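Data block below; observations after.
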Number of protein chains: 2
Amino acid sequence: MITTVLLVDDHPVVRSGLRAVLGSADAVQIVGEAATGEEALTLAAHLHPDVVLCDLRLGNGIDGIQTTTALRALDPAPAVLILTTFDRDAEILGAIEAGAAGYLLKEVDPEVIIDGIQRAAAGDTVLTPDLASRVLKGMRSPLPKLTDREIDVLRLLATGSANKEIARTLFVTEATVKSHLVHIFTKLGVDSRSRAIHVAQETGLI
Amino acid sequence: MITTVLLVDDHPVVRSGLRAVLGSADAVQIVGEAATGEEALTLAAHLHPDVVLCDLRLGNGIDGIQTTTALRALDPAPAVLILTTFDRDAEILGAIEAGAAGYLLKEVDPEVIIDGIQRAAAGDTVLTPDLASRVLKGMRSPLPKLTDREIDVLRLLATGSANKEIARTLFVTEATVKSHLVHIFTKLGVDSRSRAIHVAQETGLI
DNA sequence: ATGCGCCTCAGCCATTTGGTTGATCTTCGT
DNA sequence: ACGAAGATCAACCAAATGGCTGAGGCGCAT
């Protein structure tokens with residue numbers, strides 16, 4: 001049984017690399033390549049690959065997580081294996097929640113990728129050991145969800161805006177901004193704007 | 001005249017991709033591969049490649065800029081062409097200042113890389129058009145150099161530490177921290193810690 | 001229709017932060 | 001030996017920030 005794979009990565013060089021790496025494996029066959037999430041969706045709908053190997057960062061257009069969600073809604077749904085450079089906690093969690101079968105970092109050796117593809121096709125969850133523990137940690141302490149408005153404030157906060165500026169930008173009073181901030185701080189478990197920015201970035205919240 | 005190239009990238013997949021891409025070009029020949037900066041230096045010293053194609057992010061060990069500096073100190077010095085995913089201003093500037101012959105983003109097409117290698121070997125500076133303008137902008141407004149101590153403070157600042165914490169961590173008084181902060185703010189042209197964090201991150205200062 | 005969550009706003013208070021001036025000490029290069 | 005630059009600290013002041021209580025309005029789901 002050979003496993004069909006669709007490559008999704010916005011870097012031509014990386015696609016070449018994966019082509020080279022997977023080309024040496026008899027058990028997997030690349031049936032298509034896409035540079036964007038949109039492309040990936042149309043191709044997957046036609047080609048019905050067993051596995052979609054997908055980067056998280058996809059330059060322009062929808063990102064890897066959105067792509068994953070949409071791919072999983074197809075029938076039959078391909079297994080989605082995320083292969084990326086980054087290891088931000090929120091992104092890993094997000095990918096898993098979106099229905100990804102696994103998450104591999106690009107620093108791994110070719111065999112691991114080939115193995116991962118086959119395990120993903122078989123329905124297994126595939127995570128490198130270091131990531132697995134992080135995912136479990138993430139399970140234990142789920143970061144509280146911020147409301148849309150709070151995210152708005154947080155984003156501006158991260159650009160270094162003062163309360164007054166944030167208020168002007170969002171067309172509300174400073175009191176409102178302060179109110180949002182108190183909620184944000186409480187949810188993030190911090191007591192200063194700088195630290196809020198820090199944990200927001202660490203957890204990939206922004 | 002064929003151009004000899006040393007690949008430096010911590011991702012096996014990317015190296016495979018470059019191998020595939022450059023393998024199709026008669027004018028360039030890969031003479032070696034390294035996964036770390038240290039490896040790159042020893043290999044370059046022995047192989048004397050015309051061009052070193054180097055990622056900026058090199059996982060563990062020294063980074064691409066340090067590697068570039070060290071490579072340029074060799075005799076004969078190879079041309080160093082940075083090929084990376086990121087385009088932070090300070091990193092581009094840093095690479096150029098370190099003596100890199102150019103800076104390409106991984107999203108470019110294979111031909112651009114091949115062309116870039118040959119131009120770099122010929123002594124040209126190679127930048128994608130969008131990057132070139134950014135470099136010029138960077139020339140106009142060189143960000144002032146921070147002292148070592150100021151960087152220490154800035155790093156702690158970026159983790160969200162309050163003045164009191166920074167003082168404790170660095171074994172100085174709060175007055176000293178405030179003094180450093182004033183200097184940092186002045187040099188960065190900001191007036192709040194949050195914004196200092198923001199520009200520091202934007203410019204790749206930390 | 002009755003809550004519940006979210007967004008909005010107000011006032012008060014303690015603390016932190018940013019801005020200023022000025023001082024001592026060390027180090028480094030010339 | 002001299003000045004320049006950096007690191008350290010002090011005192012003071014104005015402004016911003018963080019923590020608190022409380023409150024009105026709006027949409028949405030049960």
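So that the names make sense, note that chain A is the first sequence line, chain B the second, and so on, each numbered from 1. Fair warning: this is a prediction, and the values are worked out from it, not measured in the lab.
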| query | Think B/Arg149 has a side-chain N or O under 4.0 angstrom from the OP1 or OP2 of D/dG6? | reply | no
| remark: note: B/Lys164, atom NZ; C/dT15, atom P; distance rounded to Å ~ 9 Å
| field | Minimum heavy-atom distance B/Leu81-B/Ile117, with the two atoms named | value | CD2-N, 3.7 Å
| message | Need one value for A/Val172: base, sugar-phosphate or nothing, where a base atom within 4.0 Å counts as base even if backbone is also close, heavy atoms only. | response | sugar-phosphate
| note | Separation of D/dC12 atom P from B/Glu174 atom CD, nearest Å, is 16 Å
| Earlier contact from the 5' end, DNA chain D, for B/Phe171 and B/Ser192 | B/Phe171
| message | Quick check for you: among C/dT8, D/dT17, D/dG19, whose closest atom lies nearest to any side-chain atom of A/Asn163? | response | D/dT17
| query | Any side-chain N or O of A/Lys178 under 4.0 Å from OP1/OP2 of D/dG18? | reply | no
| Interatomic distance, A/Asp148 CG vs C/dC7 C1' [rounded to whole Å] | 12 Å
| field | Distance below 4.0 Å between B/Thr173 side-chain N/O and D/dC9 OP1 or OP2 | value | yes
| task | Might you point out which heavy atoms bring B/Thr42 and B/His46 nearest each other, and give the distance in Å? | result | O-ND1, 2.8 Å
| request: Round to the nearest Å and state the distance from A/Arg193 atom CZ to C/dT17 atom C1'. | output: 11 Å
| field | Rounded interatomic separation in angstrom, taking CZ from B/Arg195 and P from C/dG18 | value | 12 Å
| query | Any side-chain N or O of B/Ser179 under 4.0 Å from OP1/OP2 of D/dT8? | reply | no
| Residue B/His180, side-chain atoms from C-beta onward, closest of C/dC7, D/dG18, D/dT8 | D/dT8
| OP1 or OP2 of C/dG5 sitting under 4.0 Å from any side-chain N/O of A/Thr147? | no
| task | Could you tell me which non-hydrogen atom of A/Ala200 sits nearest to which non-hydrogen atom of A/Leu154, and how far apart they are? | result | CB-CD2, 3.8 Å
| task | Specify the separation, in whole Å, of atom CG of A/Leu146 and atom P of C/dG5. | result | 16 Å
| remark: Out of C/dG18, C/dC7, D/dT8, minimum distance to the side chain of B/Phe185 belongs to C/dG18
| request: Starting from P on D/dA4, measure out to NZ on B/Lys145 and report it in whole angstrom. | output: 22 Å
| query | Between A/Thr173 and A/Thr176, is any side-chain donor less than 3.5 angstrom from a side-chain acceptor? | reply | yes
| request: Mind running side chain to side chain contact (heavy atoms under 4.5 Å, CB included) on A/Leu47 and A/Thr4 for me, showing each step along the way? | output: CA-CA 9 Å; A/Leu47 301 173; A/Thr4 56; over 6 Å; no
| said: With a cut-off of less than 4.0 Å, is there a side-chain N or O of A/His183 near OP1 or OP2 of C/dC6? | reply: no
| request: May I have the distance from B/Asp191 (atom CG) to D/dT17 (atom C1'), rounded to whole angstrom? | output: 14 Å
| task | Can you figure out which of D/dA10, D/dG18, C/dT20 approaches the side chain of B/Ala175 most closely? | result | D/dA10
